[in-house]
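Only one structure is covered here, and it is reproduced in the block below.
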Amino acid sequence: MSLLVSALQIYMPDFVKKRALTELFKSTAAAFEAEVPPLAGLDYKECLAQYARFAQTQAEQRLRDGREIEAVARRLYRNAVEMGRLHSKWLRPGTMQDVMDIGCVLYRILDIDLQGDARGEVVISRCYFSHFYSSEVCRLMSAMDRGLFAGLSNGGELTFSSRITEGQPCCRAHFAWAAPK
């Protein structure tokens, strides 16, 4: 694990968290072909709540209208892959545990308690968004989870088997490296 990841596991300033949330907002808004709401003057926690409501509203509207759901999911995934690649350049994961440790740090920004191990098993015991998202919204937005991990690992696959939003006590997923070509 890199020294930077180790340090970020211990402490991450709120201005760094807000900057990351701003980038996430831009990526999500682009996927929904929507405008980012004004964030000036909001602190990190307010920005997180604004993001949760924004993503919830955008996803619910698309699901209700039945419009372009697959296209939105592809854009969410693609944009998250790009974010993951950027973090991969900075943090240089080399092992499964590195990917999990980076995921843990990034998800902590979102007030999500993610734990992952060297076998690729992922458990999310607490998720901020579970208070906002229905199971359908969660399924759509999880394209971003899959994309982030794919970007961090140069093509790996995250597959969920249970979700808090479906009444389970935790989310469970498995991450696998991309097959060599």
Checklist entry - What pair of heavy atoms forms the shortest contact from Met83 to Glu23, and how long is it? => result SD-O, 4.3 Å
Checklist entry - Where is the tightest heavy-atom contact between Ala80 and Ser27, given as atom of each residue plus distance? => result N-OG, 4.3 Å
Next on the checklist: The test is side-chain contact (heavy atoms from CB on, under 4.5 Å); show your working for Val72 and Gln58 and say whether it passes.
Outcome noted: CA-CA 10 Å; Val72 169; Gln58 293 295 318; over 6 Å; no
Next on the checklist: Can you give me the closest heavy-atom contact between Glu60 and Val137, atom names plus distance?
Outcome noted: CG-CG2, 3.6 Å
Checklist entry - Looking at side-chain heavy atoms only, is the closest gap between Arg62 and Glu33 below 4.5 Å? => result yes
Next on the checklist: Hydrophobic clusters here meaning ILVMFWY residues chained together by side-chain heavy-atom distances under 4.5 Å, can you tell me if Val81 and Leu140 are in one?
Outcome noted: no
Next on the checklist: Check whether Ser88 reaches the backbone of Arg85 with its side chain - one donor and one acceptor, N or O, closer than 3.5 Å.
Outcome noted: no
Next on the checklist: Does Leu110 form a side-chain contact (heavy atoms from CB on, under 4.5 Å) with Leu24? I'd like the steps, not just the answer.
Outcome noted: CA-CA 10 Å; Leu110 303 175; Leu24 180 62; 3.6 Å; yes
Checklist entry - With distance as the sole criterion, is a donor-acceptor pair present between the side chains of Ser134 and Glu136 under 3.5 Å? => result yes
Item to check | Exam field: side chain Tyr44 to backbone Val16, donor-acceptor pair closer than 3.5 Å | outcome: no
Next on the checklist: Between Leu114 and Val122, is there a side-chain heavy-atom distance shorter than 4.5 Å?
Outcome noted: yes
Next on the checklist: Run the side-chain contact (heavy atoms from CB on, under 4.5 Å) test on Asp14 and Asp43 for me, step by step, so that the C-alpha distance in whole Å, both residues' side-chain angles and the decisive distance to 0.1 Å come before the verdict.
Outcome noted: CA-CA 8 Å; Asp14 280 354; Asp43 67 18; over 6 Å; no
Checklist entry - Would you say the side chain of Pro37 lies within less than 4.5 Å of the side chain of Arg53, judging by non-hydrogen atoms? => result no
Checklist entry - Are side-chain heavy atoms of Phe32 and Leu76 found at a separation under 4.5 Å? => result yes
Checklist entry - Could you give the distance from NZ (Lys45) to CG (Leu21), rounded to the nearest 0.5 Å? => result 10.0 Å
Checklist entry - Can you tell me if Asp113 uses its side chain to pair, donor with acceptor, with the backbone of Arg126 under 3.5 Å? => result no
Next on the checklist: Strictly distance-based, threshold 3.5 Å: is any side-chain N or O of Arg146 a donor or acceptor partner for the main-chain N or O of Tyr77?
Outcome noted: no
Item to check | Geometric class of the Trp90/His87 ring pair [parallel <30°, tilted 30-60°, perpendicular >60°] | outcome: perpendicular
Checklist entry - Charged N to carboxylate O below 4.0 Å: is that the case for Arg78 and Glu82? => result no
Checklist entry - What class does the angle between the rings of Phe25 and Phe54 fall in, given that below 30° is parallel, 30 to 60° is tilted and above 60° is perpendicular? => result tilted
Checklist entry - Atom NE2 of His131 and atom CD of Gln56: how far apart are they, to the nearest 0.5 Å? => result 12.5 Å
Next on the checklist: Test your reading of the model: is there a side-chain donor-acceptor pair from Lys18 to the backbone of Leu42, 3.5 Å cut-off?
Outcome noted: yes
Checklist entry - Heavy atoms, side chains only, cut-off 4.5 Å: are Leu48 and Lys17 in contact? => result no
Item to check | Minimum-distance pair of heavy atoms, taken over all atoms of Ala30 and Asn79 | outcome: CB-ND2, 3.9 Å
Item to check | Between OG on residue Ser161 and CD on residue Glu166, distance to nearest 0.5 Å | outcome: 9.5 Å
Next on the checklist: Is there a path of hydrophobic side-chain contacts, each under 4.5 Å between heavy atoms of I/L/V/M/F/W/Y residues, joining Val123 to Phe160?
Outcome noted: no
Next on the checklist: Please determine whether side chain to side chain donor-acceptor pair (under 3.5 Å) holds for the pair Asp117 and Gln115, giving the CA-CA distance in whole Å, both sets of side-chain angles, and the decisive distance to 0.1 Å.
Outcome noted: CA-CA 7 Å; Asp117 66 26; Gln115 299 298 316; over 6 Å; no
Item to check | Taking every non-hydrogen atom, the tightest pair across Ser153 and Val99 | outcome: CB-CG2, 4.3 Å
Checklist entry - Is the shortest heavy-atom distance from the side chain of Tyr107 to the side chain of Asp145 under 4.5 Å? => result yes
Checklist outcome for this item: Tightest non-hydrogen contact, residues Gly103 and Leu152, listed as N-CD1, 4.4 Å
Item to check | ring-ring contact (aromatic ring centres under 6.0 Å, His included) against Phe175, all qualifying residues, sequence neighbours excluded | outcome: Phe149, Trp177
Next on the checklist: Show, in sequence, the C-alpha distance, side-chain angles and deciding distance for Met141 and Tyr133, and conclude whether the side-chain contact (heavy atoms from CB on, under 4.5 Å) test is met.
Outcome noted: CA-CA 9 Å; Met141 294 305 297; Tyr133 293 179; 3.8 Å; yes
Checklist entry - Among all residues two or more places apart in sequence or in another chain, which pass the side chain to side chain contact (heavy atoms under 4.5 Å, CB included) test with Thr57? => result none
Next on the checklist: Can you tell me how far apart OG (Ser135) and CD1 (Ile164) are? Round to the nearest 0.5 Å.
Outcome noted: 13.0 Å
Checklist entry - If only atom types and distance count, is the side chain of Asp101 paired as donor or acceptor with the main-chain N or O of Asp98 below 3.5 Å? => result no
Checklist entry - Under the ring-ring contact (aromatic ring centres under 6.0 Å, His included) test, which residues partner Phe132, sequence neighbours left out? => result Tyr128
